[in-house]
Number of protein chains: 2
Amino acid sequence: MDDPSDRLINIFGALSQAVSDRVRLAIAEAFNAGGETAAALIAIGHAPGMSIGQVRQTLRLSHAGAVRVVERLGEQGLVAKSPSPSDRRVVHVSLTSRGQVERTKLLGLRNAAVSELLSKVSADDRVVLERAADNILSSLFSDLHGGLAICRLCDQARCADCPVGHHRP
Amino acid sequence: MDDPSDRLINIFGALSQAVSDRVRLAIAEAFNAGGETAAALIAIGHAPGMSIGQVRQTLRLSHAGAVRVVERLGEQGLVAKSPSPSDRRVVHVSLTSRGQVERTKLLGLRNAAVSELLSKVSADDRVVLERAADNILSSLFSDLHGGLAICRLCDQARCADCPVGHHRP
DNA sequence: CGCAATATATGCGTCGCGCATACAATATCT
DNA sequence: AGATATTGTATGCGCGACGCATATATTGCG
């Protein structure tokens with residue numbers, strides 16, 4: 001396969017940057033905590049009962065970073081920690097009802113931001129765009145938590161047949 | 001036009017995030033300064049003689065932030081400040097030869113990271129992908145420096161007919 | 001000339017993060 | 001079972017990048 005053209009590389013890179021900038025900005029306006037805090041809220045909502053270590057892997061943070069992210073979310077009353085019954089070292093982190101509400105709000109903001117950009121693409125081209133995205137994302141599948149990292153801002157309930165393949169054995 | 005499907009929104013958002021994550025990581029491994037410092041190096045190289053204020057707009061930083069970014073690059077010997085002949089308030093920022101070298105290295109890293117991902121897309125689909133990206137990016141054109149912000153990591157010398165349109169009147 | 005506007009610089013505080021370390025619980029090995 | 005290693009979590013500490021408020025210099029305008 002030929003290498004992609006320099007123009008496509010630059011434009012595709014710029015597009016990706018622009019999209020994530022927009023999402024980041026939209027979330028930052030509505031959520032008073034920076035860094036990976038918003039991503040943590042979304043990811044925890046997707047896999048309720050995650051351990052701190054799983055948060056760490058999903059967000060690619062240090063352990064201390066993961067502890068502090070959960071701490072911040074806890075201070076805002078968005079998540080709660082509960083001890084594991086089987087292993088008393090691990091803490092399970094879940095969303096509170098306020099956390100659920102906040103998470104839904106953030107997902108809506110991301111959805112709106114991305115949707116607005118996609119409205120510039122014709123219906124026919126969207127089919128191809130989706131296939132291209134599927135191909136690239138499925139090539140990135142490594143381990144389960146690496147996959148969760150990629151989808152950390154997704155509304156996975158509304159993403160049938162996720163190409164990153166969390167559901168694989 | 002119909003709204004894009006939820007699946008496309010999520011996958012496209014995840015793809016964009018994954019691409020910018022990869023680029024960010026590749027650059028962070030090779031460049032010892034975080035935040036928007038690498039983007040500043042690239043952007044200054046594209047528009048040599050930028051003022052601090054233009055840096056501020058391009059990177060969407062506070063004025064103090066822009067001063068500090070240039071300061072950091074200066075400490076590493078990558079950029080140099082020179083007084084403007086016409087207006088003694090403004091400082092022109094340009095790359096040193098070491099800055100040029102470093103910039104080229106970073107551009108290569110970004111190019112490689114994005115190129116590897118695009119290799120998963122068929123030649124036919126790349127044509128459509130490029131059109132879709134053109135359409136989205138051209139819709140984002142606002143002002144000249146907003147455009148530069150979008151392309152802040154691009155190798156604009158290798159991006160003929162940039163859809164963000166810095167070259168427009 | 002006096003006053004507002006523009007461009008840059010600096011003091012200060014904040015926030016998110018990583019490193020090193022400490023502590024608790026479980027697993028393993030003999 | 002007891003000693004040791006391993007795993008999971010928490011904390012002290014410092015750093016780096018950033019914004020806000022403010023200071024200073026230069027320009028433009030009445």
Side-chain angles (χ1 to χ4, degrees), chain A residues 21 24-25 27-44 47 49-76 78-94 145 149 152, chain B residues 21 24-25 27-44 47 49-76 78-94 145 149 152:
Chain A
D21 281 354
R24 210 179 49 77
L25 255 174
I27 287 180
E29 280 176 14
F31 189 64
N32 189 21
E36 297 296 315
T37 317
L41 181 65
I42 294 175
I44 292 168
M50 272 175 114
S51 70
I52 301 270
Q54 286 172 324
V55 172
R56 165 202 183 317
Q57 284 187 283
T58 302
L59 304 180
R60 307 186 192 283
L61 291 177
S62 71
H63 220 117
V67 171
R68 297 290 161 48
V69 167
V70 171
E71 188 176 278
R72 287 194 294 275
L73 289 171
E75 282 165 4
Q76 302 197 21
L78 302 176
V79 307
K81 300 194 294 186
S82 56
S84 168
S86 54
D87 184 335
R88 282 182 302 182
R89 289 172 301 183
V90 340
V91 254
H92 290 170
V93 186
S94 311
H145 293 290
R152 64 194 187 275
Chain B
D21 281 356
R24 210 179 50 76
L25 256 174
I27 288 180
E29 280 176 15
F31 189 64
N32 189 22
E36 297 296 316
T37 316
L41 181 65
I42 294 175
I44 292 168
M50 274 176 110
S51 70
I52 300 271
Q54 286 171 324
V55 172
R56 167 201 179 317
Q57 285 186 283
T58 302
L59 303 180
R60 307 185 191 285
L61 291 177
S62 70
H63 220 116
V67 171
R68 298 291 161 51
V69 168
V70 172
E71 187 175 280
R72 286 194 293 275
L73 289 171
E75 284 164 2
Q76 303 198 21
L78 301 176
V79 306
K81 300 194 295 187
S82 56
S84 169
S86 55
D87 185 336
R88 281 181 303 184
R89 289 171 302 183
V90 340
V91 188
H92 290 168
V93 186
S94 312
H145 293 290
R152 65 193 186 274

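Given the structure is predicted, the values throughout are model-derived calculations rather than measurements.
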Atom pair distance, as rounded to whole Å: [atom1] in [X] and [atom2] in [N]:
{"X": "I52(B)", "N": "dT26(D)", "atom1": "CD1", "atom2": "P", "answer": "16 Å"}
{"X": "L73(B)", "N": "dC18(D)", "atom1": "CG", "atom2": "C1'", "answer": "15 Å"}
{"X": "Q54(B)", "N": "dT6(C)", "atom1": "CD", "atom2": "P", "answer": "15 Å"}
{"X": "M50(B)", "N": "dA7(C)", "atom1": "CE", "atom2": "P", "answer": "14 Å"}

Quiz prompt | Pair Q76(B)-L41(B), side-chain contact (heavy atoms from CB on, under 4.5 Å): steps then yes or no | solution = CA-CA 11 Å; Q76(B) 303 198 21; L41(B) 181 65; over 6 Å; no
Exercise. Would you indicate what V67(A) reaches in the nucleic acid, counting non-hydrogen atoms under 4.0 angstrom: base, sugar-phosphate, or nothing?
Key: base
Exercise. Please confirm whether the backbone N or O of A149(A) pairs with a side-chain atom of R152(A), one donor and one acceptor, at under 3.5 Å?
Key: yes
Quiz item: Does the side chain of K81(B) get closer than 4.0 angstrom to OP1 or OP2 of dA7(C) through an N or O atom?
Solution: no
Quiz prompt | Base versus backbone protein contacts along nucleotides 14-26 of chain C [heavy-atom cut-off under 4.0 Å; B, S, -] | solution = --SSBB-----BS
[atom1]/[X] to [atom2]/[Y] distance, rounded to the nearest 0.5 angstrom?
{"X": "R72(B)", "Y": "E36(B)", "atom1": "CZ", "atom2": "CD", "result": "9.5 Å"}
{"X": "R89(A)", "Y": "S51(A)", "atom1": "CZ", "atom2": "OG", "result": "11.0 Å"}
{"X": "L78(B)", "Y": "I44(B)", "atom1": "CG", "atom2": "CD1", "result": "9.5 Å"}
{"X": "M50(A)", "Y": "Q57(A)", "atom1": "CE", "atom2": "CD", "result": "8.5 Å"}

